[in-house]
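Keep in mind it's a predicted model, so treat the numbers as computed, not measured. Quick note: numbers below take in every heavy atom, side chains included, and nothing from hydrogens, waters or symmetry partners. Index from 1, following the sequence.
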Amino acid sequence: ESLWRRKTNSVFAFMNLSYKNMVFLELTGRNDWSSTLPPEANSYFYPSASLSFVLSDAFHFSDSWMNFCKVRMGAAQTASDCAPYETYFQYNSFMVNGMQAVTFPQPIPPTGLKPQRVNSYEAGLSTEMLKGKIECDFTYYYKFSFDQIVPGLPIPTSSGASSVKINNGEMSNQGIELTLSGVVLERKDQRMKIGFNLTRNRNKVISLGEEGTQLVIGDLWGLNGPAQILQAGDDYGTISGYDYIRDENGNPILNDEGTKYLITDTRVPIGNASPKFLWGLNGTWTYRNLTVSALIDSKIGGDIYCGTYVISMQTGQSPETLLERDGGGLPYTDPDGNVSNTGVILEGVHQDGTVNTEVVHYYYKYMPNYGGWGKFLSTPGIIEDTWIKLREVAVIYNIPRKYITRMKFVQEIGISFVCRDVGYIYSSVPDKINPEGINGSGNAQGFEWASLPGCRSYSFGIKARF
């Protein structure tokens, strides 16, 4: 059990200005004093400003097909302190052969600790057309994070410690957000509206400070598998692992027997977990007292290391491994002289550059060369994680008022049925492995191992208003 204490005092001010109800300016400023920072840096100020211009009012769009149009832009800085006692430097003491010894704290805390800051910029456009039947909103944003506290940055143990905590990490973040909705059917007793949204985000690691070159934020099986490693200049989400050694033409190199690929000594970038973009589609149809709605969402692009797939290929549990086992391979002669169609030729070249033509048992295709726990190839486990999912279907029926008039104390009764996580319309992950079964929900993404299958849920409800 532990007890942490911190104290933060703040002053906040804002000002809103408008001109003819068309131009709006908002200014804010805040200053914090935090007990977790050193006295020389415990006071920090961060402002923001936003400006919007309603074009439809300025140029009288209301009489045309464009009913509303507004452009907006803003800039802001945010700042935050750290956890309590980050600045404390305390030696760790212990006994060795009856004598007291001390070591540096792990990790070594930063000197001259400062607040973490983020500069953010945003611009956008909002429109309504055809008397509100079509709505569109677009946003572009950019964020630059600096003076970031990076914990556990590895350093040579000869320094007396294995890691250090720095206060000068830098990262950029930019992306777009788009929402579009429209009424596609509108009659006396029924209405249908469809909405679409799309987002794309890119993070880039700019600097890990002068003290370190890389930071491991997550891994699978420690040094015996892939990891997510941050390095200056890389996109955030890079997955590193043991890769093929290739020749100048990009061909993987095998040993002389044609049974095993040569792999890198250290982990290198082999994929990235960040999706190309996310999108969603929702629709609502109303007929009198009946409402039916559905939601589809999707992730396009981005990689995962699929540990379940790798192990199932190694152990022969994946349907893909049946090809050669069922006699669909090449003719192969075993050491006893028996011939069977269980052979394969591993694609690649030998170290002298000649193309591999050795027919070997299919074991060599799956067991040592598909990865798994240990210093094996990680690349075959990198799978594109693209999926489209019917996320939700809901049916709601409000009982007509005339059927409940006798119950004078009841104003409204609604009956609903909802099905969540209905199923995948498409998934690029093989063998029906859960494409959303990612290990953990923190900074490290892109690792799947022994994930549980998706679970569909049903709910039935009655809502009454008295």
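- Side-chain atoms of Trp285 and Thr291, non-hydrogen and from C-beta on, never get closer than 4.5 Å to each other.
- In terms of heavy-atom proximity, Arg267 sits nearest to Gly225 at NH1-O, 2.9 Å.
- With respect to Arg72 and Asp137, a salt bridge is recorded, a charged nitrogen being found less than 4.0 Å from a carboxylate O.
- Closest non-hydrogen pair, Leu208 versus Leu230, comes out as CD1-O, 3.4 Å.
- Counting heavy atoms from C-beta on, the side chains of Asp219 and Pro226 never come closer than 4.5 Å.
- Looking at heavy atoms from C-beta onward, Met73 lies out of side-chain contact with Glu122 at the 4.5 angstrom threshold.
- At distances below 3.5 Å, not a single donor-acceptor pair connects side-chain atoms of Asn197 with backbone N or O atoms of Leu178.
- Taking 4.0 Å as the cut-off between side-chain N and carboxylate O, Lys389 and Asp297 do not count as a salt-bridged pair.
- Remark: side-chain polar atoms of Ser312 are paired, donor with acceptor, to backbone N or O of Tyr309 under 3.5 angstrom.
- To the nearest 0.5 Å, atom OH of residue Tyr85 and atom CH2 of residue Trp4 are 8.5 Å apart.
- Salt-bridge annotation for Arg288 and Asp189: present, with a side-chain N of the basic residue lying under 4.0 Å from a carboxylate O of the acidic one.
- Side-chain contact between Gln231 and Val205 is absent, with no heavy atoms from C-beta onward closer than 4.5 Å.
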Output a table of donor-acceptor pairs, distance under 3.5 Å, between side-chain atoms of residues 169-177 and any protein atom two or more places apart or on a different chain; print 'none' if there are none.
from: Asn173; atom 1: ND2; to: Asn201; atom 2: OD1; distance (Å): 3.3
from: Asn173; atom 1: ND2; to: Asn203; atom 2: OD1; distance (Å): 2.3
from: Gln174; atom 1: OE1; to: Tyr140; atom 2: OH; distance (Å): 2.8

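- No donor-acceptor pair under 3.5 Å is formed between the side chain of Glu324 and the backbone N or O of Lys365.
- Considering all non-hydrogen atoms of both residues, Ser274 and Gly237 come closest at OG-CA, 4.3 Å.
- Note that the OH atom of Tyr46 and the OG atom of Ser80 stand 8.5 Å from one another [nearest 0.5 Å].
- Ion pairing of Lys299 with Asp385 is present here, as a side-chain N (NZ or NE/NH1/NH2) and a carboxylate O approach within less than 4.0 Å.
- Ring geometry for Tyr362 versus Tyr366: interplanar angle over 60°, hence perpendicular rather than tilted (30 to 60°).
- In terms of modelled atom types and a separation under 3.5 Å, the side chain of Ser35 and the main chain of Lys7 share a donor-acceptor contact.
- Shown here for Ala41 and Leu113, the closest heavy-atom pair between the two residues is CB-O, 3.5 Å.
- Between the side chain of Ser181 and the backbone N or O of Gly195, no donor-acceptor pair lies under 3.5 Å.
- Of the inter-residue distances, the one linking Ile388 atom CD1 with Leu281 atom CG reads 10.5 Å to the nearest 0.5 angstrom.
- With a 4.5 Å cut-off on side-chain heavy atoms, Leu215 and Ile229 do not count as touching.
- Using a 4.0 Å cut-off between charged nitrogen and carboxylate oxygen, Arg246 and Glu347 do not count as a salt-bridge pair.
- Residues Ile399 and Asn289 are not in side-chain contact: their nearest non-hydrogen atoms beyond the backbone lie 4.5 Å or more apart.
- No donor-acceptor distance shorter than 3.5 angstrom exists from the side chain of Glu384 to the backbone of Ser428, with no hydrogens or angles considered.
- Using a 30° and 60° split on the angle between ring planes, Tyr142 and Tyr121 fall in the parallel class, below 30°.
- Between the Arg391 side chain and the Gly280 main chain, no donor and acceptor come within less than 3.5 Å of each other.
- Looking at Pro430 and Ile383, their side chains come closer than 4.5 Å, going by heavy atoms from C-beta outward.
- Aromatic ring centres of Phe144 and Phe146: separated by under 6.0 Å.
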I would like to know whether Asp243 and Thr379 meet side-chain hydrogen bond (donor to acceptor under 3.5 Å, both in side chains); could you show each step before the answer? CA-CA 6 Å; Asp243 196 7; Thr379 308; 2.6 Å; yes

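- Pairs of residues two or more places apart, or lying in two chains, that qualify as side-chain hydrogen bond (donor to acceptor under 3.5 Å, both in side chains) and include a residue from residues 11-28 are Thr28-Ser48.
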Using the side-chain contact (heavy atoms from CB on, under 4.5 Å) rule, take Ser378 and Ile270 through it: C-alpha gap first, then chi angles, then the decisive distance, then the call. CA-CA 8 Å; Ser378 304; Ile270 56 175; 3.7 Å; yes

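- For the atom pair CD1 (Ile194) and CD1 (Ile134), the distance works out to 11.5 Å, reported to the nearest 0.5 Å.
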Worked check of side-chain contact (heavy atoms from CB on, under 4.5 Å) between Lys193 and Val184: CA-CA 6 Å; Lys193 186 175 182 179; Val184 297; over 6 Å; no

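- Between the side chain of Arg200 and the backbone N or O of Lys276 there is at least one donor-acceptor pair closer than 3.5 Å.
- The distance from the CZ atom of Arg401 to the CD1 atom of Ile413 is 9.5 Å, given to the nearest 0.5 Å.
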Would Asn369 and Leu346 count as a side-chain contact (heavy atoms from CB on, under 4.5 Å) here? Give the steps. CA-CA 10 Å; Asn369 293 307; Leu346 301 183; 3.5 Å; yes

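- Atom NZ of Lys131 sits in a sparse spot, with 12 or fewer heavy atoms from other residues, nucleotides or ligands closer than 6.0 Å.
- Checking Glu448 against Thr308 by side-chain atom types alone, a donor-acceptor pair falls below 3.5 Å.
- Met22 CE: more than 12 foreign heavy atoms inside a 6.0 Å radius.
- Under the rule for a side-chain hydrogen bond (donor to acceptor under 3.5 Å, both in side chains), the partners of Asp431 that lie at least two apart in sequence or sit in another chain are Ser318.
- Under 4.0 Å is where a charged nitrogen must lie from a carboxylate oxygen, and between Arg6 and Asp81 at least one such pair does.
- The two atoms that bring Ile239 and Asp303 nearest to each other are CD1-O, 3.9 Å, heavy atoms only.
- Remark: side-chain polar atoms of Asn119 are not paired, donor with acceptor, to backbone N or O of Gln77 under 3.5 angstrom.
- Between Tyr370 atom OH and Ile311 atom CD1 the span is 12.5 Å, to the nearest 0.5 Å.
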Is there a side-chain hydrogen bond (donor to acceptor under 3.5 Å, both in side chains) between Thr266 and Thr264 once you walk through the steps? CA-CA 5 Å; Thr266 59; Thr264 55; 5.6 Å; no

Just do the side-chain contact (heavy atoms from CB on, under 4.5 Å) check on Phe460 and Ile415 with the steps written out, would you? CA-CA 8 Å; Phe460 176 81; Ile415 302 173; 3.5 Å; yes

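- Counting heavy atoms from C-beta on, the side chains of Thr199 and Phe277 never come closer than 4.5 Å.
- Proximity of a side-chain donor or acceptor of Asn167 to a complementary backbone N or O of Asp147 within less than 3.5 Å is detected.
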side-chain hydrogen bond (donor to acceptor under 3.5 Å, both in side chains), that's the test. Do Gln445 and Tyr236 meet it? Break it down for me. CA-CA 10 Å; Gln445 298 290 300; Tyr236 193 90; over 6 Å; no

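- Contact detail for Gly316 and Thr321: the closest heavy-atom pair is O-OG1, 3.4 Å.
- Close placement of the Tyr244 and Tyr261 rings is indicated, their centers lying within 6.0 Å of each other.
- Salt bridge annotation for Asp32-Arg30: present, with a cationic side-chain nitrogen under 4.0 angstrom from a carboxylate oxygen.
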